[in-house]
Structures are given as structure tokens and as C-alpha cells.
Amino acid sequence: MDEKMKFMPEPFKIKMVEKMGSLDKEGRKMAIKEAGYNTFLTNSEDCYIDLLTDSGTNAMSDRQWAGLMMGDEAYAGSRNFFHLQSVVREYFGFKHVVPTHQGRGAENILSTLTIKPGDYIPGNMYFTTTRFHQERNGGVFRDVIIDEAHDPAAIHPFKGNIDLNKFQTLIDEVGGKKIPYICVAVTVNLAGGQPVSIGNIKAVSELAHKHGIKVMFDATRCVENAYFIKTREKGYEDKTIKEIVHEMFSYGDGCTMSGKKDCLTNIGGFLCINDDELYTKATGMVVQFEGMPSYGGLAGRDMEAMAIGLTESCEFPYISHRVNQVRYLGEKLDAAGIPMIKPYGGHAIFVDARAFLDHLNQNVFPAQALASAIFEFSGVRAMERGIISAGRDIVTGEDHYPKLETVRLTIPRRVYTYAHMDYVAEAIIELYKKRRDISGLRWVYEPKVLRFFTGRFETINEELIKGY
Ligand code: F0G
């Protein structure tokens with residue numbers, strides 16, 4: 001076996017399969033129209049290849065399924081909690097673990113306990129639910145990611161890094177006392193799944209701690225981040241993924257985690273905290289909103305699957321295939337000149353919708369239109385990550401105009417093969433030839449919060465893809 005093959009085959013065998021959707025062209029046209037040109041509102045069974053998200057869409061292993069059968073569904077003190085706690089402590093190194101139903105449950109607890117109205121929370125680019133919880137508690141989010149992250153074409157090995165000058169400027173402006181923590185996302189989802197280097201994490205940690213500011217990680221895709229460190233950062237080539245994850249988190253004070261990503265499960269999350277006092281408060285909150293601190297809104301079996309999934313996720317053949325599958329799709333599209341965020345990230349390819357649909361202004365929602373057109377054309381379900389996701393300024397009510405206007409082709413873990421990626425690439429390359437025929441969109445219904453989930457649109461022209 002030649003392990004130096006450019007793209008090694010999937011590191012798993014398939015023993016259970018699921019039928020894919022098979023709507024014809026007319027069916028897809030009707031489905032996307034009925035969904036108000038919002039892929040979030042289409043039905044799963046109407047999709048051919050579902051690249052909406054990598055969240056909770058993972059295929060679990062036989063070991064995880066076996067673990068489900070070992071669920072201890074006691075109300076308190078479930079053995080699966082203790083297993084999860086010991087794995088998280090071993091891999092992440094944090095002292096306390098509070099399970100939550102998913103990542104945003106942990107974000108809710110962290111934000112509520114630490115943010116006072118008028119506080120500032122710096123972060124390496126926003127994430128929708130993360131910023132929502134910060135703002136809900138009266139905080140002001142401040143983006144301190146390096147400038148390169150906002151430029152789809154800028155090449156940087158660690159495009160998720162924090163700009164220390166931006167962070168320092170905020171400290172000078174408002175003082176450390178008004179900054180309860182800095183949120184360091186590893187990797188940065190909306191920047192294109194871009195990683196943060198250990199060097200940067202260390203420097204951020206030093207600066208933050210000097211001013212009494214905590215470092216809280218968004219650990220959601222931390223294993224993907226560790227893979228990039230191993231393959232891109234000098235001195236880490238020979239370390240294991242587990243060692244790198246552990247080192248990354250050794251510079252922080254805790255993390256929020258969506259287990260639905262790098263724990264390879266379909267549900268679950270947790271909050272980690274080193275501070276004893278904060279942990280005690282977190283247990284007080286978790287009982288109000290999630291459940292006992294030993295289950296946090298999860299069944300015992302879910303915690304078991306998460307514990308096993310985290311260890312599998314850190315195995316090199318798994319994570320190497322994972323990231324390379326994303327690159328495989330990226331390289332196919334790149335060869336045909338499709339504009340994308342580069343370098344390719346850990347969980348998705350982000351098509352640059354502004355460049356793809358260069359005849360549309362951002363105020364007719366190019367990324368929303370492109371995601372709809374991809375669905376209509378191929379049955380591939382993707383997601384808008386642009387002006388609709390960015391929402392409105394909480395004070396002025398004006399739309400945020402993010403520099404990145406993208407469609408995310410998100411690859412679920414262990415679900416699709418390279419052959420599926422070939423189909424996706426071919427469909428998008430064909431659609432690119434018709435790009436000028438794609439119509440912009442306008443609002444029919446705009447929800448007040450997290451509007452991308454349930455908003456509805458109509459086409460400005462008569463058809464979404466003219467003549468298709
Ligand atoms: N942080 C990041 C970086 C995320 O990507 C997500 C979810 C969360 C926090 C919230 O976690 O969904 O378990 O409550 N991202 C999903 C996505 C929804 O499609 O990117 P959750």
C-alpha cells in the first residue's frame with residue numbers, strides 16, 4: 001500500500017447505507033420555490049447530495065453505535081458522563097466539563113455568566129449563534145481576525161489568526177476590565193474553515209492574561225485545526241493530533257464545544273472551564289436550561305457516542321482523509337476557474353458568490369441566489385454564508401455588509417465518497433456556464449433574529465435560472 005497517494009481512499013468500510021433523494025428537474029424547481037429560495041427550508045428527502053452543513057450530519061462508527069447500547073440512562077451520575085468527562089479531560093486538558101444539548105447551549109451559559117451590558121468580546125470573526133448569545137447579554141462583538149481572512153483570494157497558512165494589534169487596540173480603547181474573555185475559534189467557520197496557529201494562540205494567551213482577560217476557545221472544529229498545525233506549522237510535524245489538541249487548549253481557560261462536528265455525533269456539546277467558581281455557577285445554570293450537570297440535555301448514550309467520537313476524530317487516517325476530501329473538491333473546482341475562498345478550509349469549500357454572480361449586487365443576495373440555483377440545477381443542498389447570515393446591526397438596525405459573500409459546500413464527516421464530490425464539482429462547473437442567467441432575490445419574510453434559518457425570498461426575474 002502506498003500511503004503517499006495524493007488522495008488516499010476513505011479510511012472506512014460501509015456496512016449500512018441510506019438512500020439518497022432523487023427529485024427530477026421540475027420537482028427541484030418546485031421544491032426550492034416552495035422553500036422560499038432558502039435551502040434551510042427544503043426537505044432533506046428532496047436533496048440529492050446534502051452539503052447544507054457538517055453539523056450533526058456525521059456517520060457514526062460501529063464502535064459509537066455499540067456505545068449507544070451501553071447508555072446508562074439514570075437521571076443522575078450516569079457512567080457515560082464520567083466516560084465523557086475523562087476523555088475530554090485527557091484530550092482537552094480542561095478541569096471541568098458541563099454537557100449541553102449542543103454548542104449553543106454552552107454558548108448561552110458562558111455568555112450569560114460572564115458578559116455584562118457594555119462589555120466587549122473580541123473574536124476571530126463572528127459565528128452566528130456565538131455572536132447572538134454575546135449580544136443577547138448586552139455584549140459588543142469586536143472582530144479581531146487578521147485582514148487576510150476577509151479577502152477570499154489572500155493566501156495565508158493560518159488565515160484564522162488573531163491580529164494582535166487589533167486586540168491590543170481594543171484593550172487600549174476600553175480596558176481589560178470590560179473584556180471578560182476573547183473567543184478564539186479553531187477553526188474559523190465563516191472565514192472558510194481557516195486554522196489558527198499555535199504560535200498565534202500562545203501570543204494571544206499572553207496578551208489576554210496580562211490584562212486579566214480569559215481565553216475561551218470555540219473548540220467546535222479543533223481537530224481539523226490540529227491537522228493544519230501538524231501539516232503547516234514548523235515543529236509540529238511529528239506530534240500526534242491528540243498532543244496538538246492538548247497543547248492548543250493548554251493556553252486557554254475553557255471552551256465551548258459543538259459535539260455535532262468534531263465529536264462525530266448527531267447531537268451534543270459541552271462547556272469546559274478551569275475556574276472553580278465559574279464552574280459552580282455554570283452548574284447552577286445548566287440545571288435551569290439543560291438538565292443535571294451530569295447530562296445537560298443529553299441521553300447517556302449520546303454522551304457515550306461523543307466520548308468515543310472524540311477519540312476517533314483524533315486518529316490520523318480519519319482526519320487526514322477528512323481534510324483532503326475537502327481539498328479534492330476544491331482542486332476540481334479550481335481547475336475549472338470557479339472562484340473560492342483559499343486556501344481550502346477544514347470542513348467546506350466556500351464558493352465566492354460575489355465573483356461567481358458578478359452581475360448581482362450584494363443587496364440582491366448573490367449567495368442566497370447561488371445556493372438556490374445550485375439546488376435547482378443539481379439537487380445539491382448548500383448554504384448561504386453572506387449578507388443574510390450576517391444579519392442586522394443590533395443598535396442601528398442596518399444590514400451588516402460582510403466582505404465575504406459565499407456559498408458553503410459543507411462536507412458531512414464519513415458520509416460521502418470522492419465519487420460524490422465529482423458530481424458536486426461537475427454540477428457547479430456546468431452551472432458556472434449559466435451564471436449570468438441566475439436571478440437575484442428579495443425578501444418576502446425577514447425574521448428578527450438569526451434570519452437565515454427561516455427567512456423567505458422571491459426571485460427578482462421571472463425565473464431563478466433563466467431558460468433552465
Ligand atoms: N460555533 C461554531 C464555529 C459553529 O460552526 C457552530 C455551529 C456553533 C458554534 C454552534 O453549535 O450548532 O451545536 O449549537 N455551526 C453549524 C454550521 C450550525 O452549520 O456551521 P451548535
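Note that this is a predicted model, so its numbers are computed, not measured.
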* Would a line drawn from the ring center of Tyr423 to the ring center of Tyr48 be shorter than 6.0 Å? -> yes
* **Tyr75 and Tyr295 aromatic centres sub-6.0 Å** =>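 Yes; Tyr295 has its ring centre under 6.0 Å from that of Tyr75.
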* Asked: Can you name the one residue among Phe217, Tyr91, Phe92 that meets side chain to side chain contact (heavy atoms under 4.5 Å, CB included) with Cys222?
  ->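 With Cys222 as partner, Phe217, Tyr91, Phe92 yield a single side chain to side chain contact (heavy atoms under 4.5 Å, CB included), made by Phe92.
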* Take Arg327 and Glu331, measure what salt bridge (charged side-chain N to carboxylate O under 4.0 Å, His left out) needs, and give me the verdict at the end. => CA-CA 6 Å; Arg327 181 163 68 91; Glu331 288 183 359; 2.9 Å; yes
Could you tell me which non-hydrogen atom of [X] sits nearest to which non-hydrogen atom of [Y], and how far apart they are?
X: Ile182; Y: Ala208; value: CG2-CB, 4.2 Å
X: Tyr344; Y: Ile349; value: CD2-CD1, 3.6 Å
X: Asp72; Y: Gly77; value: OD2-O, 4.4 Å
X: Ala282; Y: Leu271; value: CB-CD2, 4.2 Å
X: Ile229; Y: Val196; value: CD1-O, 3.6 Å
X: Phe167; Y: Ile162; value: CB-CG2, 4.4 Å

* Sequence neighbours excluded - salt bridge (Lys or Arg N to Asp or Glu O under 4.0 Å) pairs with any residue from residues 167-193 ->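 Listed once each, the pairs are Arg142-Glu173.
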* **Residue pairs involving residues 257-266 (criterion salt bridge (Lys or Arg N to Asp or Glu O under 4.0 Å); sequence neighbours excluded)** => Asp262-Arg413
* salt bridge (Lys or Arg N to Asp or Glu O under 4.0 Å) partners of Arg381, counting only residues at least two apart ->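 Expected list: Asp50.
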Checking [X] side chain against [Y] main chain: does a donor-acceptor pair fall under 3.5 Å?
X: Asp163; Y: Asn165; value: yes
X: Glu237; Y: Gly235; value: yes
X: Ser378; Y: Phe375; value: no
X: Lys159; Y: Ala191; value: no
X: Glu73; Y: Gly300; value: yes
X: Arg136; Y: Thr112; value: no
X: Glu290; Y: Ala106; value: no
X: Arg221; Y: Thr187; value: no
X: Glu304; Y: Gly71; value: no
X: Thr406; Y: Val351; value: no

* Just do the ring-ring contact (aromatic ring centres under 6.0 Å, His included) check on Tyr418 and His321 with the steps written out, would you? => CA-CA 10 Å; Tyr418 284 109; His321 169 266; 5.5 Å; yes
First locate atom [atom1] of [X], then atom [atom2] of [Y], and finally report the distance between them rounded to the nearest 0.5 Å.
X: Ile267; Y: Ser55; atom1: CD1; atom2: OG; result: 8.0 Å
X: Asp54; Y: Leu409; atom1: CG; atom2: CG; result: 12.0 Å
X: Met306; Y: Asn80; atom1: CE; atom2: CG; result: 10.5 Å
X: Ile146; Y: His150; atom1: CD1; atom2: NE2; result: 9.5 Å
X: Tyr328; Y: Met421; atom1: OH; atom2: CE; result: 9.5 Å
X: Thr128; Y: Leu450; atom1: OG1; atom2: CG; result: 6.0 Å

Taking the side chain as every heavy atom from C-beta outward, state whether [X] and [Y] have any atom pair closer than 4.5 Å.
X: Ile411; Y: Arg322; result: yes
X: Thr454; Y: Phe40; result: no
X: Asp253; Y: Asp275; result: no
X: Asn161; Y: His156; result: yes
X: Glu233; Y: Ile244; result: no
X: Leu264; Y: Tyr318; result: yes
X: Lys403; Y: Asp151; result: no
X: His96; Y: Gln85; result: no

Do [X] and [Y] meet the criterion of a side-chain donor-acceptor pair at a distance under 3.5 Å?
X: Asp302; Y: His101; result: no
X: Asn189; Y: Arg385; result: no
X: Glu384; Y: Thr39; result: no

* **Stepwise side chain to side chain contact (heavy atoms under 4.5 Å, CB included) check, Cys183 with Met216** => CA-CA 5 Å; Cys183 176; Met216 300 301 294; 5.6 Å; no
* Structure fact -> side-chain hydrogen bond (donor to acceptor under 3.5 Å, both in side chains) filter on Ser313, not counting sequence neighbours, yields none
* To do: State which residues pass side-chain hydrogen bond (donor to acceptor under 3.5 Å, both in side chains) with Arg63; sequence neighbours excluded, sorted by chain then number.
  => none
* To do: Begin with the C-alpha distance, continue with both residues' side-chain angles, and end with the deciding distance and a verdict on side chain to side chain contact (heavy atoms under 4.5 Å, CB included) for Val323 and Ile319.
  => CA-CA 6 Å; Val323 176; Ile319 190 63; 4.3 Å; yes
* Return yes when atom CE of Met20 has more than 12 non-hydrogen atoms of other residues, nucleotides or ligands closer than 6.0 Å, and no otherwise. =>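 Result for CE/Met20: enclosed.
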* Could I get the full list of ring-ring contact (aromatic ring centres under 6.0 Å, His included) partners for Phe94, not counting sequence neighbours? =>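 For Phe94, the residues satisfying ring-ring contact (aromatic ring centres under 6.0 Å, His included) (neighbours in sequence not counted) are Phe249.
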* Asked: Does Lys230 make a cation-pi contact with Tyr236 (under 6.0 Å, within 45 degrees of the axis)?
  -> no
* Could you check Asp62 against Lys13 for salt bridge (charged side-chain N to carboxylate O under 4.0 Å, His left out), going step by step and ending with a plain yes or no? => CA-CA 10 Å; Asp62 48 359; Lys13 296 187 284 182; over 6 Å; no
* Mind checking whether Phe141 and Tyr126 have parallel, tilted or perpendicular rings, split at 30° and 60°? -> perpendicular
* To do: Let me see the working for Phe158 and Asn200 under side chain to side chain contact (heavy atoms under 4.5 Å, CB included), right down to the final yes or no.
  => CA-CA 9 Å; Phe158 293 100; Asn200 188 250; over 6 Å; no
* Asked: What do the steps show when you test Val186 against Ile201 for side chain to side chain contact (heavy atoms under 4.5 Å, CB included), and what is the final call?
  -> CA-CA 10 Å; Val186 284; Ile201 292 172; 4.3 Å; yes
